[in-house]
S.K.: 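This is the structure I have questions about; it appears just below.
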Amino acid sequence: MTERTFSIIKPDATRRNLTGKVNAVIEDAGLRIVAQRRIKMTDAQAKKFYEVHAERPFYGELVAFMTSAPVVVQVLEGDNAVARYREVMGATNPAQAADGTIRKLYAESVGENSVHGSDSLENAKLEIAQFFTDADIVG
Ligand code: GDP
């Protein structure tokens, strides 16, 4: 089934000029980038985005990281896009990520792990709506 998922190329990757390399892995996996914008996340945006982790010990660090440099927010489209992109990203901790995944190739640590991808179709819809309107997405 064709789906859309939400992706973020995180500050550790934009800082190292890896946007194109990450996009190449995404496109080689058959996912289509149907919306994309480079932004500097505000503190309020990052706090809202990671609200589910508010009680975790790393929440403050995570919000500080996500606002530390520009990010690239994206909508990806393709067959089973949500699960497919989770596979392409690899495990949260790059030390556990499979060969060929974005995190294995580029992530620096469990926190600074280069990309975000939605974990369910329901969350994908909510996350896309936080950063894009329907008119921004050209499939
Ligand atoms: P994901 O769905 O694979 O991104 O992983 P989670 O939903 O578990 O965590 C969300 C994000 O929080 C991760 O991608 C990391 O950027 C960050 N994170 C998770 N665990 C840790 C941790 O132990 N320390 C720090 N600093 N950040 C973490």
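What's counted below: heavy atoms across the whole structure, side chains too, no hydrogens, waters or symmetry copies. Atoms within each ligand, like the ligands themselves, are counted from 1 in listed order. On a predicted model such as this, the values are computed, not experimentally measured, just so you know.
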S.K.: Do R4 and E77 meet the salt-bridge criterion of a basic N to acidic O distance under 4.0 Å?
M.R.: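 Yes.
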
S.K.: Mind checking what makes side chain to side chain contact (heavy atoms under 4.5 Å, CB included) contact with E108, not counting sequence neighbours?
M.R.: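 Partners of E108 under the side chain to side chain contact (heavy atoms under 4.5 Å, CB included) test: D12, R16, E112.
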
S.K.: I'd like to check the side-chain hydrogen bond (donor to acceptor under 3.5 Å, both in side chains) partners of K104; sequence neighbours left out, ordered by chain and number.
M.R.: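 If we apply the side-chain hydrogen bond (donor to acceptor under 3.5 Å, both in side chains) test to K104, skipping adjacent residues, there are no hits.
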
S.K.: Please tell me whether F6 and F49 form a close aromatic pair, meaning their ring centres lie under 6.0 Å apart.
M.R.: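 Yes, the ring centres sit under 6.0 Å apart.
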
S.K.: What residues form a salt bridge (charged side-chain N to carboxylate O under 4.0 Å, His left out) with D136, not counting sequence neighbours?
M.R.: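 Salt bridge (charged side-chain N to carboxylate O under 4.0 Å, His left out) check on D136 returns R37.
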
S.K.: Tell me the residues surrounding ligand 1, counting only those with a heavy atom closer than 4.0 angstrom, sorted by chain and number.
M.R.: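 Residue list for ligand 1: K10, H53, F58, E61, L62, R86, T92, R103, V110, G111, N113.
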
S.K.: For R15, does the CZ atom sit with more than 12 other heavy atoms under 6.0 Å from it, leaving out its own atoms?
M.R.: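 Enclosed.
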
